[in-house]
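Contents: one structure, followed by commentary.
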Amino acid sequence: MGSRGFHIILSNPCFELWFICHFTSTPKNYASSKEVLKEIIHYLPGYGKSDEDLFMRTESLLPEAIENAKKLENRCLEFGYTFHGYGFSPSTEVYRMTELMMAVNSRGI
């Protein structure tokens with residue numbers, strides 16, 4: 001964690017990989033974020049970046065998303081990829097922030 005209490009989290013190739021993790025831990029190597037956006041429609045028909053109901057549509061799948069994101073991260077580590085390096089893909093650290101928010105919420109803070 002940085003000196004100001006910040007920690008950078010990455011999602012490679014893009015944030016939408018986090019939403020795909022709600023359904024699968026695919027090791028597919030996406031060439032671009034466009035490929036992820038193309039695939040997300042299979043899991044979330046009508047997906048749009050400004051979808052106001054997205055959290056409600058995926059909230060019940062958070063435990064699976066966290067587990068799948070950890071699987072992707074572990075695969076990258078097993079292949080010897082450098083954490084936060086260019087080749088560390090597919091991976092998403094959004095699960096870290098999600099776990100932290102869930103812990104804070106459960107404590108009523």
In the structure I gave you, are the side-chain heavy atoms of [X] and [Y] within less than 4.5 Å of one another anywhere?
X: P90; Y: T26; result: no
X: E93; Y: F83; result: yes
X: K70; Y: E99; result: yes
X: E73; Y: Y95; result: yes
X: N12; Y: H84; result: no

Are [X] and [Y] grouped together when hydrophobic residues (ILVMFWY) are joined by side-chain heavy atoms under 4.5 angstrom apart?
X: I20; Y: F55; result: yes
X: M97; Y: L10; result: no
X: L72; Y: L77; result: no

Between [X] and [Y], what is the shortest heavy-atom contact and its length?
X: Y81; Y: G87; answer: CD1-O, 3.4 Å
X: I40; Y: L37; answer: CG2-O, 3.1 Å
X: S11; Y: T92; answer: OG-OG1, 2.9 Å
X: S32; Y: P13; answer: O-CG, 4.2 Å
X: H22; Y: T58; answer: CD2-O, 3.4 Å

Point-to-point distance, once rounded to the nearest 0.5 Å, from [atom1] of [X] to [atom2] of [Y]:
X: I66; Y: R96; atom1: CD1; atom2: CZ; result: 12.0 Å
X: E35; Y: L17; atom1: CD; atom2: CG; result: 12.0 Å
X: N68; Y: S25; atom1: CG; atom2: OG; result: 4.5 Å
X: T98; Y: N105; atom1: OG1; atom2: CG; result: 12.0 Å
X: M101; Y: L62; atom1: CE; atom2: CG; result: 8.5 Å

Handout entry: Donor-acceptor contact present, side-chain S91 to main-chain F88, <3.5 Å
Key = yes
Problem - Donor-acceptor under 3.5 Å (D51 side chain, Y47 main chain) - result: no
Practice task
Give a yes or no on whether I41 atom CD1 has more than 12 heavy-atom contacts from other residues, nucleotides or ligands under 6.0 Å away.
Solution key: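 Yes, because the 6.0 Å sphere around CD1 of I41 holds more than 12 heavy atoms from other groups.
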Problem - Over 12 non-hydrogen atoms of neighbours within 6.0 angstrom of NZ in K28 - result: yes
Problem - Donor + acceptor pair across side chains of Y30, E39 (<3.5 Å) - result: yes
Problem - Sidechain N-carboxylate O distance under 4.0 Å for E64, K71 - result: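 No.
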Practice task
Could you tell me whether R57 and E52 have a side-chain N and a carboxylate O separated by less than 4.0 Å?
Solution key: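 No.
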Practice task
Assess the pair F23 and F19: is the distance between their ring centroids shorter than 6.0 Å?
Solution key: no
